[in-house]
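Atoms considered below: every heavy atom in the structure, side chains included; atoms not considered: hydrogens, waters and symmetry mates. Letters A, B, ... mirror the listed sequences (proteins, then strands); counts begin at 1.
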Amino acid sequence: MTKTDLLSNLNPPQKKAVETVDGPVLILAGPGSGKTRVITHRIAYLVGVLGVRPHHIMAVTFTNKAAREMSSRLEALAGSAVKDLTLGTFHAICVRILRREGKELGINPGFTIYDGDDQLKLVKAAIKQAGLDPKNYTPGAILSAISAAKSELLTPEELSQRVTGHFDEVVVKVYEIYRSSLARNNALDFDDLLMKTVKGLAANEAILKRYQEKYRHILVDEFQDTNLVQYELVKMLSAKYRNICVVGDPDQSIYSWRSADIRNILNFEKDFPDVTTIYLEQNYRSTRNIIGAAQAVIDSNKARKKKTLWTENEEGARVKLIEAYDQQEEARLVINEISKLTDSHAVKAGDIAVLFRTNAQSRALEEAFVRYGIPYRLAAGTKFYERREIRDILAYLKMIFNPADSVSLLRVINVPARGIGRQTLEELMHFAVSRGVKEAEALSMIPSAEEAELLEYFSLRSLKILKAFAEFVIEVQKMAGEVRTLELFDRLISRIEYKNYIISQPEGEDRWQNVLELRSVAQQYNELAPEEGLAAFLESVSLVADTDSLGEVADSVNLITLHQAKGLEFPVVFIVGMEENVLPHYRSIDDPAQMEEERRLCYVGITRAKTRVYLCRAYRRMLMGNTQVNDPSRFIADIPQELFDEKQEVKQPRTTSAFSNYFRSGNSFGSEASIPIKEKRPAREEPLPLMEMPLLKAGNRVRHAQFGEGIVVSVKPSGTDQEVVVAFDGNDVQIKRLMLSFARLEKIQNS
DNA sequence: AAAGCGTTTATTTTT
DNA sequence: TAAACGCTTT
């Protein structure tokens with residue numbers, strides 16, 4: 001690709017962002033401004049035009065998804081010319097460095113990576129070891145505090161310097177014990193991956209120099225989401241050549257609670273005084289009305305680097321405000337709009353997203369979607385790697401890979417049940433303590449120890465079982481050095497008879513399918529030598545939250561949180577719960593900094609939309625078990641009235657529901673003069689057109705458009721309707737209650 | 001081990 | 001409200 005080709009499709013600031021390759025560059029990229037485009041073109045330019053070897057380039061992203069996206073776009077642009085550049089998440093890049101340089105950096109390269117669940121177990125144990133009652137100190141809260149400290153590169157010693165209260169003292173104490181537990185398990189948590197890399201490189205000049213020499217061009221995506229360690233890392237690596245290009249949008253910084261530090265962007269210009277700052281403000285995604293609304297919302301933030309979006313796109317539809325009585329009606333009105341869109345505006349269900357602040361809000365929506373038979377997809381749910389069966393198998397493999405890993409050992413020691421209950425476990429722990437080792441090592445000592453000695457700690461029965469298990473562990477550990485990943489996987493599964501075990505559990509068949517899916521991931525590492533393949537396999541699954549290959553259900557409305565929506569775009573966006581205490585969330589109301597983050601969240605939501613935005617609110621809603629009346633969100637008032645689609649005058653409502661009575665009396669709207677009161681369109685009261693209402697009874701087989709086939713469990717009258725409980729065959733969905741007149745249930749004959 | 005019971009608590013989540 | 005947790009009981 002020639003230079004002209006590469007640059008011809010870029011606007012002037014984009015072009016500048018691509019061509020300014022010497023020295024530090026800060027790119028402030030608004031939503032939909034072609035950020036990924038700029039990064040990929042910049043890399044292609046470096047390689048194709050300037051002849052930089054890809055080997056000298058590092059591009060860092062936050063999520064695997066972003067890394068994949070970048071990789072595929074880069075390949076489309078520059079082909080295989082760029083294939084050996086370093087492109088990955090911060091964590092993946094750090095793991096590579098740690099495994100490769102581990103010995104020199106004082107790290108055993110055979111470490112395992114602990115995820116949140118493993119971490120929590122260690123923290124709980126640490127709290128107990130510190131002689132504290134876990135009831136008084138939420139392990140989760142302490143873990144977040146530890147994680148926050150690590151994100152700022154603070155050791156327990158350094159943290160203890162800045163203790164301000166009792167809680168901090170507890171954190172320091174637990175952090176110390178937690179740190180040594182990790183070390184004794186030869187494990188690193190996610191924060192360690194970053195912190196140990198930075199500290200290791202800082203302490204080892206020779207290695208640091210090598211990496212500085214290697215990475216002559218560094219690019220960082222989503223820079224507003226970086227924490228201090230991450231910034232330190234790229235600062236360090238770029239110190240020699242100083243070709244560091246960071247791309248981000250402070251207005252889309254919504255992860256401060258995860259230690260993302262907006263100061264990184266602000267300090268960037270201080271740390272690199274010769275920085276070239278480039279603004280990407282032209283938006284290619286949304287209509288003018290949408291951009292106007294989004295800009296109005298974000299402009300109310302005080303602490304902000306000013307940036308003004310503009311677009312050449314058409315004006316488009318106005319923003320629509322939807323006001324409902326409660327969350328149920330809100331859901332119905334959303335569905336009402338959705339059917340109008342899909343019926344007459346050639347919008348597909350998959351083009352639509354419904355965004356919410358908290359996961360709890362999805363419930364009312366889901367119920368309505370089920371009721372009205374609208375296909376939807378809820379992003380949440382249990383992640384693949386969080387499923388019990390997957391965690392079981394991975395724990396076995398981690399234990400095999402890392403003989404010091406007691407957390408994994410304890411997870412699987414009695415799965416499937418092999419008679420190692422609480423009693424036996426306690427005996428093992430006593431024994432471990434007496435020898436000054438962790439459980440895993442204690443177990444491994446059993447086969448070769450004197451039986452007489454062991455009987456001081458163990459009953460004859462426990463000893464027999466533990467010895468057998470210890471021998472099993474040693475056997476599979478040996479096997480791991482001899483056979484490749486897939487064979488190890490298969491032999492393990494058959495040795496522990498996992499299939500029989502899991503199939504006998506509830507939803508066993510599905511769980512077994514998941515195991516097979518994991519097996520197919522293991523298969524991908526079968527080319528590699530035994531130990532190496534296992535290491536690579538474990539690493540890949542530890543650093544990936546979900547298989548996110550499994551998504552992509554055919555044409556369904558997307559239900560997702562505002563946070564999850566970042567980086568995505570949809571033709572049509574609904575934001576529900578546009579109320580005080582919901583968005584902005586009540587936990588942010590009295591903190592100006594957090595309030596600004598809520599506003600950014602709203603901004604992120606609006607800017608996801610290409611053509612239509614609906615802002616929805618309910619007059620009253622059930623929150624934490626009681627009904628609250630909330631004012632409309634202050635963010636609605638930020639948007640100029642002329643961007644809304646209806647006249648701002650009060651109309652008489654047509655219905656006589658409790659809702660319209662409320663509107664007629666106008667009580668609590670008095671204080672909300674800026675919020676228009678609108679004519680309400682009654683929710684669709686007629687059920688959606690029926691296929692045909694079948695006569696059903698328990699035992700019949702039925703088919704549902706979305707859930708597939710299932711068997712009727714019960715049928716009971718409910719008002720004028722009938723409530724049918726169906727057990728569906730499918731993967732995840734099992735039992736649903738459906739209103740007969742709404743669900744499009746089709747009876748399957750001969751049942 | 002599993003089931004039953006009272007208690008507590010309730011943003012956002014990737015790696 | 002309702003889910004998750006820890007405790008006791010079967």
Side-chain angles (χ1 to χ4, degrees), chain A residues 60-67 88-95 113-120 124 133-136 138-141 143-144 147 150-151 188-195 197 222 225-227 229-230 253-260 326-328 355-364 367 379-383 385-386 414-423 504-506 539-546 548 560-567 577 581-589 591 594-595 597-598 600-602 604-605 621-628:
Chain A
V60 204
T61 61
F62 255 80
T63 62
N64 292 297
K65 197 176 163 202
T89 64
F90 276 103
H91 297 266
I93 289 173
C94 286
V95 169
I113 300 168
Y114 275 2
D115 63 19
D117 209 67
D118 300 326
Q119 293 180 59
L120 213 52
K124 277 182 193 159
D133 188 349
K135 271 183 221 147
N136 302 331
T138 348
L143 179 57
S144 325
S147 172
K150 288 186 170 188
S151 304
L188 301 186
D189 66 17
F190 286 122
D191 301 308
D192 283 341
L193 298 177
L194 307 171
M195 184 161 118
T197 306
E222 304 281 15
D225 289 340
T226 50
N227 61 28
V229 196
Q230 290 161 337
S253 160
I254 55 176
Y255 284 110
S256 70
W257 51 276
R258 232 167 55 186
S259 305
D326 60 12
Q327 61 220 328
Q328 279 74 27
L355 312 183
F356 37 84
R357 175 68 238 260
T358 63
N359 287 305
Q361 290 171 261
S362 71
R363 172 179 275 267
E367 281 169 1
T382 328
K383 304 268 173 38
Y385 291 111
E386 283 167 16
N414 202 31
V415 178
R418 49 176 70 89
I420 305 179
R422 214 180 62 198
Q423 181 65 36
S504 68
Q505 305 274 312
E539 199 166 294
S540 75
V541 297
S542 300
L543 294 178
V544 170
D546 51 77
D548 48 29
I560 47 179
T561 64
L562 285 158
H563 283 90
Q564 291 169 327
K566 202 182 74 156
N581 298 318
V582 178
L583 180 66
H585 194 268
Y586 70 96
R587 304 274 292 249
S588 305
I589 293 280
D591 178 338
Q594 286 202 64
M595 180 57 77
E597 184 146 319
E598 296 290 311
R600 292 194 289 269
L601 207 42
C602 184
V604 166
R621 130 175 2 246
M622 182 82 94
L623 288 169
M624 285 182 225
N626 53 23
T627 302
Q628 275 189 38

- Protein-nucleotide distance (A/Asn64, atom CG; B/dT15, atom P), rounded to Å: 5 Å
- Query: To the side chain of A/Trp257, which of B/dA1, B/dT13, B/dT11 is closest?
  - Reply: B/dT13
- Task: Could you pull out the closest heavy-atom pair between A/Gly577 and A/Arg621, with the gap in Å?
- Result: CA-NH2, 3.4 Å
- Query: Which part of the nucleic acid, if any, lies within contact of A/Met622, taking any heavy atom under 4.0 Å across all strands shown: a base, the sugar-phosphate backbone alone, or nothing?
  - Reply: sugar-phosphate
- Shortest non-hydrogen contact from A/Phe356 toward A/Ser362: CZ-CB, 3.7 Å
- Note on the structure: Assign each of A/Ile420 and A/His563 the nucleotide of DNA chain B bearing its closest heavy atom; nearer the 5' end lies the nucleotide of A/Ile420
- What's the spacing between A/Asp189 CG and A/Ser542 OG if we round to 0.5 Å? 12.0 Å
- Taking all heavy atoms of A/Arg357 and all of A/Val582, pick out the closest pair and write down the distance. CG-O, 3.1 Å
- Message: Would you say A/Thr561 and A/Gln564 are linked by a side-chain donor-acceptor pair, where the criterion is simply a distance under 3.5 Å?
- Response: yes
- Rounding to 0.5 Å, atoms CD1 (A/Ile560) and CG (A/Asn359) come to a distance of 11.0 Å
- Tell me what A/Arg422 touches on the nucleic acid: a base, only sugar-phosphate, or nothing, going by heavy atoms under 4.0 Å. nothing
- Message: Using the side chain to side chain donor-acceptor pair (under 3.5 Å) criterion, which residues pair with A/Gln119? Sequence neighbours excluded.
- Response: A/Tyr178
- Message: What is the separation between atom CG on A/Asp191 and atom C1' on B/dT13, rounded to the nearest whole Å?
- Response: 13 Å
- Query: When rounded to the nearest 0.5 angstrom, what is the spacing between SG in A/Cys94 and CG in A/Leu543?
  - Reply: 10.0 Å
- Task: In whole angstrom, give the distance that lies between atom CG of A/Leu194 and atom P of B/dT15.
- Result: 12 Å
- Which whole-number value in Å describes the distance from A/Tyr385 OH to B/dT13 C1'? 18 Å
- What is the distance, rounded to the nearest whole Å, between atom CG of A/Asn626 and atom P of B/dT8? 18 Å
- Task: Please state whether the base of B/dT12 and the side chain of A/Arg357 form at least one donor-acceptor pair under 3.5 Å?
- Result: yes
- Taking for A/Gln594 and for A/His91 the nucleotide of DNA chain B with the nearest heavy atom, the one nearer the 5' end belongs to A/Gln594
- Boundaries of the chain A footprint along DNA chain C (any atom under 4.0 Å from a heavy atom): C/dT1 to C/dC7
- Message: Within the 4.0 Å heavy-atom criterion, would you say A/Asn414 contacts the bases, only the backbone, or no part of the nucleic acid?
- Response: sugar-phosphate
- Return the nearest nucleotide to the side chain of A/Arg258; candidates are B/dT12, B/dT14, B/dT11. B/dT14
- Message: Can you measure A/Glu598 atom CD to B/dT12 atom P for me and round it to whole angstrom units?
- Response: 11 Å
- Message: Taking the minimum atom-to-atom distance to the side chain of A/Thr358, which one of B/dT15, B/dT12, B/dA1 wins?
- Response: B/dT12
- Task: Round to the nearest Å and state the distance from A/Met595 atom CE to B/dT12 atom P.
- Result: 17 Å
- Touch class at under 4.0 angstrom, heavy-atom based, for A/Phe90 against every strand present: nothing
- Query: Whole-Å distance between B/dA10 P and A/Asn581 CG?
  - Reply: 16 Å
- Query: When you measure from the side chain of A/Thr561, which nucleotide among B/dT11, B/dT12, B/dT15 comes out closest?
  - Reply: B/dT12
